[in-house]
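Worksheet: one structure, shown below.
All residue numbers in this chain count up from 1 along the given sequence. Quick note: numbers below take in every heavy atom, side chains included, and nothing from hydrogens, waters or symmetry partners.
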Amino acid sequence: MRLRILGCALLVLLAAPRLQAHAFAPALLELRETAAERYDAHWRSALLRVRGAALTPVWPAGCVHTVTATAVTDDALQQSGQLHCPGGLVGRELGVDGLARSGSTVILRVQFADGGSVQTLLDARTSRHTLARAAAGPVAPRYFGLGVEHLLLGFDHVLLVLAFMLLIRGARRLAGVITAFTLGHSLTLGLAVLGFIGVPQALTEFAIAISLLLLATLLVRPGGAPAPAARAAPWRLALVIGLLHGLGFAGALAQIGLPEAAVAPALLAFNLGIEAGQLGLIAALLALTAALRPLRARLPRAPAALPAYAIGICAGYWSIERAVALVS
C-alpha cells in the first residue's frame with residue numbers, strides 16, 4: 001500500500017537532527033556605494049533559526065563597519081549601517097559566518113555608484129565571495145533555481161505534497177488537486193510580491209502549519225473510509241491551502257529581493273522553479289513507490305496510519321513553534 005511504503009520517507013524526516021520547516025530561510029546582505037570607498041550596508045536575517053546558529057556578516061579586512069539602526073519585525077532582524085573600505089570593495093572578500101550550522105542561504109547584493117552590480121548566493125559550501133565589477137548574469141535561471149530550492153528544502157511544502165498524494169486516489173484526481181494548489185499559490189504569490197496584498201509572515205507560517213495538521217487528520221480514517229474532503233471536492237481544499245502557501249512563497253521571495261529592472265521575469269522564473277520542484281518531487285515519490293512494490297511482501301507490515309501520524313507530529317510541532325513566535 002502506498003501509505004506504508006511512503007511512510008519510510010517520513011520517518012527519515014522525523015529523524016532529522018533539525019526539525020525545520022524551512023531550511024531555506026534566505027538572509028540578505030546588501031551594499032550600495034554612496035561615495036568613494038563608502039557604502040550603505042543593509043543586513044536582514046530571519047528570527048526563526050536553529051538554536052545557536054546565528055548568522056554574522058564578515059567584512060573585508062581593513063574595512064570599518066558602523067551600525068546606525070537596528071529593527072526587529074515580526075519575522076526578521078534588520079540592521080542598517082555604513083561601511084568604509086579604503087581602496088573600495090572590488091577584489092575584496094565578503095562573507096557570512098554560521099551558514100553551515102543554520103542550513104540557510106544568503107543573497108549578497110552590491111550596487112556600485114556607476115550602475116554596475118553584483119548579486120550572488122552564499123551557502124554552507126560557499127560562504128565567501130570575492131567581488132568583481134560585473135553584471136549579475138541572467139535573471140531567469142537564477143530565480144528558477146531559487147524556486148526549486150525553496151520547494152525542495154521547505155519540509156512543510158514537501159509534506160504537503162506527500163499528504164495530497166496519500167489523500168487522493170487516482171492519477172486524474174491527483175492531477176486536478178495539484179493544479180488547484182498551483183493556481184492558488186501562484187495567485188497569492190503574484191499579488192503579494194506586487195504589493196496588492198500583505199499578510200504578516202509569522203501569521204502566514206502559522207496558518208500553513210495548521211493546514212498541514214488538517215490534512216494529517218483527514219488521512220486518519222477509521223476503516224480506511226475516504227475522508228469527506230477527499231470524496232467531495234478535494235480541489236477546493238487544495239485551492240485554499242495553495243493560497244496560504246503562496247503567501248509563504250512570497251515571504252521567501254521578499255527576503256531574497258527582486259531586481260527592479262526585471263520584476264516580472266524574476267517572479268515568473270521563481271514560480272516556475274517552484275512548479276518544477278513540485279513535479280520533480282511527485283515523480284521521485286512515484287518512482288520510489290514503483291521501485292519498492294516488488295519488495296512489499298518482504299517488508300514488515302507497518303500501520304496504515306503511520307504516515308498520517310508522522311505528518312501530524314511535524315505539523316503539530318511547527319504549529320506550536322510558530323504560535324509562540326507569533327505571540328512573542
Task: Nearest heavy atoms of Leu122 and Ser127, plus distance in Å - done: CD1-O, 4.0 Å
- [ ] Could I get the full list of side-chain contact (heavy atoms from CB on, under 4.5 Å) partners for Arg236, not counting sequence neighbours?
- [x] Ala233
Open item on the list: To the nearest 0.5 Å, what is the distance between CG on Leu267 and CG on Leu272?
Closed with: 9.5 Å
Open item on the list: Going by the rule salt bridge (charged side-chain N to carboxylate O under 4.0 Å, His left out), which residues pair with Asp123 if we only count those two or more places apart in sequence or in a different chain?
Closed with: Arg125
TODO: Can you sort out the partners of Tyr39 under ring-ring contact (aromatic ring centres under 6.0 Å, His included), two or more places apart, ordered by chain and number?
DONE: none
Task: Path from Phe196 to Leu203 over hydrophobic side-chain contacts below 4.5 Å - done: yes
Please tabulate, for side-chain N and O atoms in residues 88-95, each donor-acceptor pair with protein atoms closer than 3.5 Å (sequence neighbours left out).
residue : atom : partner : partner atom : Å
Arg92   : NH1  : Pro86   : O            : 3.0
Arg92   : NH1  : Gly88   : O            : 3.1
Arg92   : NH2  : Ala61   : O            : 2.5

- [ ] Looking only at non-hydrogen atoms, find the nearest pair between Ala163 and Leu219 and report the distance.
- [x] O-CD2, 4.1 Å
Open item on the list: Rounded at 0.5 Å granularity, tell me how far CG in Leu218 sits from CZ in Phe164.
Closed with: 9.5 Å
Task: Flag side-chain contact, heavy atom, 4.5 Å: Leu151 against Val148 - done: no
Task: pair Leu174-Met165: side-chain heavy atoms closer than 4.5 Å - done: yes
- [ ] For Phe181 and Leu239, run side-chain contact (heavy atoms from CB on, under 4.5 Å): C-alpha distance rounded to whole Å, both residues' side-chain angles, the deciding distance at 0.1 Å, then the answer.
- [x] CA-CA 5 Å; Phe181 174 71; Leu239 179 63; over 6 Å; no
- [ ] Of all the heavy-atom pairs spanning His150 and His157, show the shortest one and how long it is.
- [x] NE2-NE2, 3.6 Å
TODO: Hey, could you give me the CG/OG distance between Asp40 and Ser80, rounded to the nearest 0.5 Å?
DONE: 8.0 Å
Open item on the list: To check you understand the geometry: which heavy-atom pair defines the closest contact between Asp156 and His245, and what is its length?
Closed with: O-CE1, 4.5 Å
Open item on the list: Is there a path of hydrophobic side-chain contacts, each under 4.5 Å between heavy atoms of I/L/V/M/F/W/Y residues, joining Leu213 to Val327?
Closed with: no
TODO: Walk me through it: do Leu31 and Gln111 pass the test side-chain contact (heavy atoms from CB on, under 4.5 Å)?
DONE: CA-CA 6 Å; Leu31 296 103; Gln111 183 72 44; over 6 Å; no
Open item on the list: Please give me the minimum heavy-atom distance between Ala180 and Trp235, naming the atom from each residue.
Closed with: CB-O, 3.4 Å
Open item on the list: With heavy-atom distances below 4.5 Å as the criterion, would you say the side chains of Leu121 and Glu149 are in contact?
Closed with: yes
Open item on the list: Check for me, please, whether Leu194 and Leu247 land in the same ILVMFWY cluster - side-chain distances under 4.5 Å, paths through other members count.
Closed with: yes
Open item on the list: So which atom in Ala27 and which in Leu55 form the shortest heavy-atom distance, rounded to 0.1 Å?
Closed with: CB-CD1, 4.1 Å
Task: Distance (rounded to the nearest 0.5 Å) between Thr105 OG1 and Ile107 CD1 - done: 6.0 Å
Open item on the list: Let me check something: do Ile197 and Leu189 share a hydrophobic cluster, defined by ILVMFWY side-chain heavy atoms less than 4.5 Å apart, either directly or through other members?
Closed with: yes
Open item on the list: For the backbone of His84 and the side chain of Glu37, can you confirm whether one donor and one acceptor N or O come within less than 3.5 Å of each other?
Closed with: no
Open item on the list: Could you tell me if the side chain of Leu131 sits less than 4.5 Å from the side chain of Val110, heavy atoms only?
Closed with: yes
Task: With His65 via ring-ring contact (aromatic ring centres under 6.0 Å, His included) - residues at least two apart - done: Trp59
TODO: Return each pair, listed once, that meets side-chain hydrogen bond (donor to acceptor under 3.5 Å, both in side chains) where at least one residue sits in residues 179-199; pairs must be two or more places apart or across chains.
DONE: Thr182-Glu275, Thr182-Gln278, His185-Glu275, Ser186-Asn271
